[in-house]
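All remarks here apply to the structure that follows.
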There are 2 protein chains.
Amino acid sequence: MGWHGDSGKDAEQHFVAALGRRRRVRGKAVTKPRSRRGGGRPTIADVARKAGVGAITVSRALREPERVSEDLRRQIQAAVDELGYLPDPNARALASARAEVFGVLVPSLTNSVFAEVLRGIYDSLSDSSYRIQLGNTHYSGLEEERLLQVFGPQRPAALIVAGIDQTPTSRRLLETAGCPVVQVMETGPDPVDMMVGFSHFDGGKAATEHMIEMGYRRIGFMGARMDPRSQRRLAGYRAAMEAAGLFDARLVTTTPVPSSVTLGRELFRDALARMPTLDGVFCNNDDIALGVLFECHRASIAVPKTIGITGFNDLDMMEVAFPSVTSVRTPRYEIGRLSVAMALAAIAGKRPQQPVVDLGFELKRRESTAR
Amino acid sequence: MGWHGDSGKDAEQHFVAALGRRRRVRGKAVTKPRSRRGGGRPTIADVARKAGVGAITVSRALREPERVSEDLRRQIQAAVDELGYLPDPNARALASARAEVFGVLVPSLTNSVFAEVLRGIYDSLSDSSYRIQLGNTHYSGLEEERLLQVFGPQRPAALIVAGIDQTPTSRRLLETAGCPVVQVMETGPDPVDMMVGFSHFDGGKAATEHMIEMGYRRIGFMGARMDPRSQRRLAGYRAAMEAAGLFDARLVTTTPVPSSVTLGRELFRDALARMPTLDGVFCNNDDIALGVLFECHRASIAVPKTIGITGFNDLDMMEVAFPSVTSVRTPRYEIGRLSVAMALAAIAGKRPQQPVVDLGFELKRRESTAR
DNA sequence: CAACGTCATGGTAGCGCTACCATCCGCCTC
DNA sequence: GAGGCGGATGGTAGCGCTACCATGACGTTG
């Protein structure tokens, strides 16, 4: 096995010492060749020597090949291949004051919405040499600040953060990060730098209007967690309900508890107990909607006849559910992709004309509201 | 705004040049104080100067406080606070030949199973100063090799990889990574270093035995993706079926297509068309099981009476579904937590006695098999 | 009380790479 | 044909930190 930590730091020190980086000879330090702290991987100097060029030319050949003559380029490539040279990203980062890292901050890792954003980011970055460093804010502004503080000194190439409601401190950290910043999931009036998302207010409004149009009147709102995006969906719901003269504060059921299918069932039970006349629910997200659907099955409540259900995000399974569930399809993967594309463009000096991109959403009308 | 990439590299060069790091005076290079490439953040030297100690003592006070007298420690802390000093992780990594980074390789970001492992890893690491670098192998051995090649030169503090079926190349890369390695999700006979997981074979076997015990006889296996773990669940299913004299190759429906709820529905339709006498299904995972359940609803097939359903992983929603779905509860979050704990112990030189930990699973018997 | 640890601290020399010049060469311009 | 200019290449000097060794001040031992 390659690694043994059997006695920790000590073992490591001995290990390094055993490499014998330097040796004292009559009080004078001499360098023993080819034994480095690093453990003997080839360095750029080795490549340069083998190719018969200066180290800087190797560096250039690797990063800006067009600035090196084809002859040397070939020679250098041969030396690289022969030695199996791989540049040390840490040394690069130190020398250039820029790490090839995208910092990504999401509020949750298990919420599949962010998982898909992350997948989009990942897929757009996998051809490049950028690495992804992940941060989970747990929906906490304070934690977001802490993470930005940690990410900053590393000088990431770009930062992608979920949401537009940063604390003043976070906002300052983003503004002074010295790299492109993309706020994702939502759009808003005052980007730190760039934004990719859609309007949660409009999404909530469209979903609610659809239900009203389908003849539902006592439409409840059911929300968990109630992060800023949920709040805006609620505001959209309220706007639609008020416009139709249907709003009633008692129709709104929310909780700060994290969202889950289980919670959806419970919220629905509570709501129904309080408001037996409920004839529809617009759910904060699809987990809640699914919980409501299951509870309807269990309690033999007819969907969409007695109760109409609308979800939010349109997870894969909503279409397959029985009855299939109306939901607002959100462009999560696309948000991830585009955020990276915009960041890469900015890094390359080609800032997008339009720093704020609204990718919209699509209301998927399905059986659960087809009264 | 802090950053403008309006004209790319050029702008950046001008920006740096404008900082005026050095100036020529009569042909002699002089250093202009306090203007660095880095952009003027305080360095360890600044802290050392302010605290009236050597730089190395500051370094020690930060990393091994117990090796510095309390007096100096206080002085240094004061200087750090006053200057807002944050160590540069890139410089640290270069000097110590060790980055404070955990490399994490998962086959999928959207599969909620890995999302939960990731959450466990994240939660266990969030108190420490370790960062998480994410790799998505897309279930590809080749991609895994490529990612290990990228992660290696960075000298991560530890590597956590999903699965135990690495290619020979990947295995060699892991063995020579020079850091603790934890293979997660499964256990097996020949760890690269450490392992945390459970037996997918046993899980599949237990689930199938349960269905047999409940009186099901023509139990189908339904699997998507069929990665190595799915294969082993299938092997467990087969072992149980053969032991009961019930195995029939026509009962097995698999596809290399990625798993989804939609796919579950389709697999079930196919299987039923081929084998109308089917009286139960053991599903590869809960997505498939959910697809089967929905299709049963849609086709008015009674569950558990006509068809019994068992899933795998026991996602939150399986308990809430109607009828609730029997599933094999797997310790995903715990795997993430423990893998980090073991890696941290190894880094600290306290290797766990037991390098391979089987966290087991729990069969959750529910309505979907309660005939 | 001398010889010898042990502890706290510091100096020096890199880690492997890239930014910033300087240099050199060939070619174009007037 | 001298001067200039742009493109290709290289030397030097760090980037900010830590490993290694040295040093000096103590205590401890025989």
Side-chain angles (χ1 to χ4, degrees), chain A residues 9 12-17 19-24 27 29-31 36-39 41-48 51-64 66-73 76 85-99 153-155, chain B residues 9 12-17 19-24 27 29-31 36-39 41-48 51-64 66-73 76 85-99 153-155:
Chain A
K9 293 252 167 187
E12 203 171 307
Q13 273 181 13
H14 290 148
F15 173 69
V16 170
L19 280 178
R21 181 164 60 104
R22 269 173 304 161
R23 217 170 17 183
R24 293 251 140 202
V30 297
T31 304
R36 282 180 286 256
R37 291 210 281 238
R41 283 181 229 242
T43 72
I44 203 169
D46 298 326
V47 176
V53 299
I56 196 68
T57 307
V58 175
S59 175
R60 263 197 291 260
L62 263 32
R63 291 176 304 134
E64 309 165 275
E66 71 285 357
R67 309 233 296 115
V68 174
S69 71
E70 211 189 309
D71 260 20
L72 285 192
R73 218 157 42 194
I76 290 169
Y85 169 72
L86 289 168
D88 179 333
N90 300 128
R92 268 197 173 167
L94 179 58
S96 65
R98 186 59 62 209
Q154 205 175 160
R155 301 165 181 288
Chain B
K9 295 250 167 191
E12 204 172 307
Q13 272 181 15
H14 290 149
F15 173 69
V16 170
L19 281 178
R21 182 164 60 104
R22 268 174 305 161
R23 215 171 19 183
R24 291 251 142 202
V30 297
T31 304
R36 282 180 285 254
R37 292 211 280 240
R41 283 181 229 244
T43 74
I44 202 168
D46 298 326
V47 177
V53 299
I56 197 67
T57 306
V58 174
S59 174
R60 261 198 291 262
L62 262 34
R63 291 176 304 135
E64 310 164 276
E66 71 285 358
R67 309 232 299 113
V68 174
S69 69
E70 211 189 307
D71 259 22
L72 285 193
R73 219 157 44 195
I76 290 169
Y85 169 73
L86 289 169
D88 179 333
N90 300 127
R92 267 197 174 165
L94 179 59
S96 65
R98 188 57 64 208
Q154 205 176 156
R155 301 163 182 290

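All chains are named by letter (A, B, ...) in the order of the sequence lines, taking the proteins before the strands, and each is independently numbered beginning at 1. Scope of the values below: all heavy atoms of this structure, side chains included, with no hydrogens, waters or symmetry mates.
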Subject >> Under 3.5 Å: donor-acceptor pair, side chain of A/Arg98, backbone of A/Arg155 >> reply: yes
Original post:
What heavy-atom pair brings A/Thr43 and A/Tyr85 nearest, and what distance separates the two atoms?
Top reply: C-CE1, 3.5 Å
Original post:
What closest approach, in Å, do B/Ala91 and A/Leu94 show between heavy atoms, and which atom pair accounts for it?
Top reply: CB-CD1, 3.7 Å
Nearest 0.5 Å, what's the [atom1]-[atom2] distance between [X] and [Y]?
{"X": "B/Asn90", "Y": "B/Gln154", "atom1": "CG", "atom2": "CD", "result": "9.5 Å"}
{"X": "A/Ser59", "Y": "A/Arg67", "atom1": "OG", "atom2": "CZ", "result": "10.5 Å"}
{"X": "B/Ile76", "Y": "B/Ser69", "atom1": "CD1", "atom2": "OG", "result": "8.0 Å"}
{"X": "A/Leu86", "Y": "A/Arg41", "atom1": "CG", "atom2": "CZ", "result": "8.0 Å"}

Separation of [X] atom [atom1] from [N] atom [atom2], in whole Å?
{"X": "A/Asn90", "N": "C/dG14", "atom1": "CG", "atom2": "C1'", "result": "16 Å"}
{"X": "A/Gln154", "N": "D/dG16", "atom1": "CD", "atom2": "P", "result": "15 Å"}
{"X": "B/Asp88", "N": "D/dT18", "atom1": "CG", "atom2": "P", "result": "10 Å"}
{"X": "B/Tyr85", "N": "D/dG16", "atom1": "OH", "atom2": "P", "result": "10 Å"}
{"X": "B/Leu94", "N": "C/dC17", "atom1": "CG", "atom2": "P", "result": "9 Å"}
{"X": "B/Ile44", "N": "D/dG16", "atom1": "CD1", "atom2": "C1'", "result": "8 Å"}
{"X": "A/Arg41", "N": "C/dC17", "atom1": "CZ", "atom2": "C1'", "result": "15 Å"}
{"X": "B/Leu86", "N": "D/dC17", "atom1": "CG", "atom2": "P", "result": "10 Å"}

**OP:** Counting heavy atoms from C-beta on, name the nucleotide in C/dC17, D/dG16, C/dA19 closest to the side chain of A/Arg63.
**Re:** C/dA19
Subject >> B/Glu70: side chain to side chain contact (heavy atoms under 4.5 Å, CB included) partners, not counting sequence neighbours >> reply: B/Arg73, B/Arg74
Check nucleotides 8-11 of chain C against the protein and report each pair of N or O atoms closer than 3.5 Å, with its distance, or say if there are none.
{"from": "C/dT9", "atom 1": "OP1", "to": "B/Ser69", "atom 2": "OG", "distance (Å)": "2.8"}
{"from": "C/dT9", "atom 1": "OP2", "to": "B/Ser69", "atom 2": "N", "distance (Å)": "2.7"}
{"from": "C/dT9", "atom 1": "OP2", "to": "B/Ser69", "atom 2": "OG", "distance (Å)": "3.3"}
{"from": "C/dG10", "atom 1": "OP2", "to": "B/Gly54", "atom 2": "N", "distance (Å)": "3.0"}
{"from": "C/dG10", "atom 1": "OP2", "to": "B/Thr57", "atom 2": "OG1", "distance (Å)": "2.4"}
{"from": "C/dG10", "atom 1": "N7", "to": "B/Arg60", "atom 2": "NH2", "distance (Å)": "2.9"}

Original post:
Would a 4.5 Å heavy-atom cut-off, applied to side chains only, mark A/Arg60 and A/Val53 as touching?
Top reply: no
Polar atom pairs (N or O), protein with nucleotides 23-28 of chain C, under 3.5 Å:
none

